[in-house]
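Written out below as structure tokens is the structure these notes cover.
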Amino acid sequence: MKQMEKQDINGKESRCTIKEKGSTKNNNSNSSCCTTDSGSENHSEDNGHNHDHDHDHSHGDGSYFQMFFPSVISFCLLLIGIVFDNYFPQTWFTYWVRIGWYIVAYIPVGLPVLKETFESIKKGQFFSEFSLMVIATIGAFAIGQFPEGVAVMLFYGIGENLQGLAVKRAKSNIKLLLDQRPDFATVLEGDKTISIKASEIGIGAIIQLKPGEKLALDGKLLSKSATFNTAALTGESKPASKRKNDIVLAGMINLNTVVEIEVTTAYTDSKLSKILEMVQEATAKKAPTELFIRKFANLYTPIVVYLALAICLVPMFFVAHYVFSDWLYRALVFLVISCPCALVISIPLGYFGGIGAASKNGILFKGSNFLDIMAAIQVVVLDKTGTLTKGVFTVQKVVAVGISEQDLVQYTAALESKSTHPVGTAIVEYAKGLDKKINITEVQEIAGHGLKGKIDDIEIIVGNVNLMKKFNINYDLELDNSAFTIIVVAINKVYSGYFLIADEIKEDAKATIESLHKINVKTIMLSGDKQAVVDAVAKELNIELAFGDLLPENKAEHVEALKSQNLKVAFVGDGVNDAPVIALADAGIAMGGLGSDATIETADIVIQNDQPSKIYTAINIGKQTKKIVWQNITMAFVVKAVVLVLGAGGLATMWEAVFADVGVALLAILNAVRIQRMKF
């Protein structure tokens, strides 16, 4: 994707202070980020024409007054002309003066459409909504229907402006995301400070981030702790607390204290950069409904032009008292009614609104086609670790036998502090601070089993049940049947209790499964963890089917089996080994906070805050978007069909034609923007 250097939208520099580490300076001056103007989503189209019918409804960033000023002028002149025609006739308001008056009223709103018609014809696109409007209004002038000719173009222009506002509103959620990354940083070189581009900061540099400043690059927190606003990345307003060595991402805002961060990722490779690329590329991938409407409009427009010609000319061979001007008027009414603007604007706008609503909720759809796919999902297949669970070992339960729980925890934590094993780390974290009076000596690691050491004259043995068997220590045999990790403790070769260690289930995991079941979406869990653990998690979450002890290729086989049954399948995962399965599923969903880069890039949908509940939200947004799109299609076809018949029969005037075109378009657009107001 071609990118351009982004200027800060407010004209201000977002700064953070850099202290270079060694000489690691990356002179990547060509690195760039996504544009942030109101047309930034138009990168895949020519001349900023970002809609299927090749013109732009965004109207730039001009004021409302500038946008509607031509329409106001035309409206005032039209109103005065109608008053002179019908209520206060003027002797001078006749013939060429009258014609000239309405031509002047026509020019402010008609000239832009005439230009668009000329541009379309130059590209070989004679049949467009612009040519329909021009033919209809010039035809109205030709038969002396001057007020109606001006009115058609006036209301069409007002409709275009209102559509432009709707498109602009739909873009606003995504545009806010595109403004999240700072471009500049202040580098400390000795006692001097130099303002440089963030794209020139090398990996390994140390960023000093002050309260209120926004992080420009991904990095590792070097300070003891900090609190960040992560709304730009996750859609969540709740601040996130980070500790030393935690990863922090570009776009996060420091909230409380000066911190130091070591840069770990190049500017263009940061998670936020990838998110921006995903969002900008999303509008280029059309939903099947959009593609159908685009093809339909290309076929539909020339057909209605030829039908209008037929309405005008064919009756002369069959009608006894044929009046050319009457049948031409019917044909012009038919043309105005048949303008496909309601379809070609409101439908892409509906999908764009769906992508915007998802972004606002911390979900990135990489194309509007995936909104349709999510609306049709029948089975959600979930990885366990990092998707339904937090991917972090924590102590779930402590049982002390013949010793106080406090002493058991302190003794065990003191010994485990000599180990780097994740299970040991979990116990140390659970102890919430070691008792410095406890002195551990003669620490011995027993490979694959655990640890042995001494506290004063007390011998402590900590490890799995096999370690107890090794030392012939009697313990509760029920522990052999546990699905989770059990750490058993013996003091002076006497069983003294155990710790139950498990990967903690995410808070919203159970509610997610319940929500999916309510909308008749089946859930299946696939995991590389042992079957007993997988079964225990599945039972707690009420997941129908769960398979453990799987390699990545085994997960792919399960998904292929589901697809062979003609089921629409979504797979949700976060690990690098999930990337092949995500690519295979109809909708691949990645957990974007903890997920690997390979998985995120392969996925069709990215959940930025790692919450499983967003899976249901994504399906709901897809369903609501599709519902709105089809409401618009049905309304447009029904109203236009009725008025087309009335117009061909001479029962509808140009005013009814204006409603059938502009009125239906506006109703469809108002319906389309509803999705941005919905709460998911």
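Keep in mind that this is a model prediction, so the values were computed, not measured. All heavy atoms count here, side chains included; hydrogens, waters and symmetry mates do not.
Using the six-membered ring where Trp is involved, Phe84 and Trp92 have ring planes that are perpendicular, over 60° apart on the 30 and 60° scheme.
For the atom pair CD (Gln611) and OG1 (Thr617), the distance works out to 8.5 Å, reported to the nearest 0.5 Å. In this structure, CH2 on Trp630 lies 7.0 Å from OG1 on Thr634, to the nearest 0.5 angstrom. Atom CE of Met374 and atom NZ of Lys568 lie 12.0 Å apart (nearest 0.5 Å). Rounding to the nearest 0.5 Å gives a distance of 13.5 Å between NZ of Lys626 and CD of Gln631. Separating the CD1 atom in Ile675 from the NZ atom in Lys627 is a distance of 11.0 Å, to the nearest 0.5 Å. Going from atom OH of Tyr106 over to atom OG1 of Thr137 covers 2.5 Å, rounded to the nearest 0.5 Å.
Within a 6.0 Å sphere centred on NZ of Lys522, other residues, nucleotides and ligands contribute 12 heavy atoms or fewer. The number of heavy-atom neighbours closer than 6.0 Å to CZ of Phe146, taken from other residues, nucleotides and ligands shown, is above 12. Within 6.0 Å of OH on Tyr322 lie more than 12 heavy atoms contributed by other residues, nucleotides or ligands.
In terms of heavy-atom proximity, Ala587 sits nearest to Ile605 at CB-CD1, 4.4 Å. Here the shortest heavy-atom pairing between Val379 and Ile377 reads O-CG2, 3.5 Å. Listed here is the closest heavy atom pair of Pro315 and Ala310: CD-O, 3.3 Å. When all heavy atoms of Val109 and Val113 are compared, the closest pair comes out as O-CG2, 3.7 Å. For Ile589 against Ala570, the heavy-atom pair with the smallest separation is CD1-CB, 4.2 Å. Across Asn632 and Ala668, no two heavy atoms sit closer than the pair ND2-O, 3.0 Å.
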Problem - side chain to side chain contact (heavy atoms under 4.5 Å, CB included) between Leu667 and Met635, intermediate numbers included - result: CA-CA 9 Å; Leu667 288 174; Met635 177 176 64; 3.8 Å; yes
Exercise for the section: Apply the test side chain to side chain contact (heavy atoms under 4.5 Å, CB included) to residues Trp327 and Leu313: give CA-CA distance (whole Å), side-chain angles for both, the deciding distance (0.1 Å), then the verdict. Expected result: CA-CA 8 Å; Trp327 288 98; Leu313 300 177; over 6 Å; no
Practice task
Just do the side chain to side chain contact (heavy atoms under 4.5 Å, CB included) check on Phe318 and Val314 with the steps written out, would you?
Solution key: CA-CA 7 Å; Phe318 302 101; Val314 171; 3.5 Å; yes
Handout entry: Residues Phe365, Phe370; criterion ring pair (Phe, Tyr, Trp, His ring centres under 6.0 Å); working and verdict
Key = CA-CA 7 Å; Phe365 280 85; Phe370 299 117; 7.7 Å; no
Exercise for the section: Would you check, one step at a time, whether the test side chain to side chain contact (heavy atoms under 4.5 Å, CB included) holds for Val380 with Ile619? Expected result: CA-CA 10 Å; Val380 173; Ile619 292 175; 4.1 Å; yes
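A donor-acceptor contact closer than 3.5 angstrom links the side chains of Asp372 and Tyr351.
No donor-acceptor distance shorter than 3.5 angstrom exists from the side chain of Gln624 to the backbone of Gly622, with no hydrogens or angles considered. A distance-only check finds a donor-acceptor pair linking the side chain of Lys614 to the backbone of Asn361 [under 3.5 Å]. Between the side chain of Asp604 and the backbone N or O of Gly588 there is at least one donor-acceptor pair closer than 3.5 Å. Using a distance-only test at 3.5 Å, with no hydrogens or angles considered, a donor-acceptor pair links the side chain of Lys623 to the main chain of Ala375. The closest donor-acceptor contact from the side chain of Tyr102 to the backbone of Gly81 lies under 3.5 Å. Checked by atom type and distance alone, the side chain of Lys366 never pairs as donor or acceptor with a backbone atom of Val606 at under 3.5 Å. One N or O on the side chain of Asn86 and one on the backbone of Ile82 form a donor-acceptor pair closer than 3.5 Å. In terms of modelled atom types and a separation under 3.5 Å, the side chain of Ser74 and the main chain of Ala105 share a donor-acceptor contact.
The salt bridge (Lys or Arg N to Asp or Glu O under 4.0 Å) search around Arg98 returns Asp85, not counting sequence neighbours.
Between Phe324 and Cys312, the closest side-chain pair of non-hydrogen atoms falls below 4.5 Å. When side chains are defined from C-beta on, Phe118 does not count as touching Leu114, because their heavy atoms never get closer than 4.5 Å.
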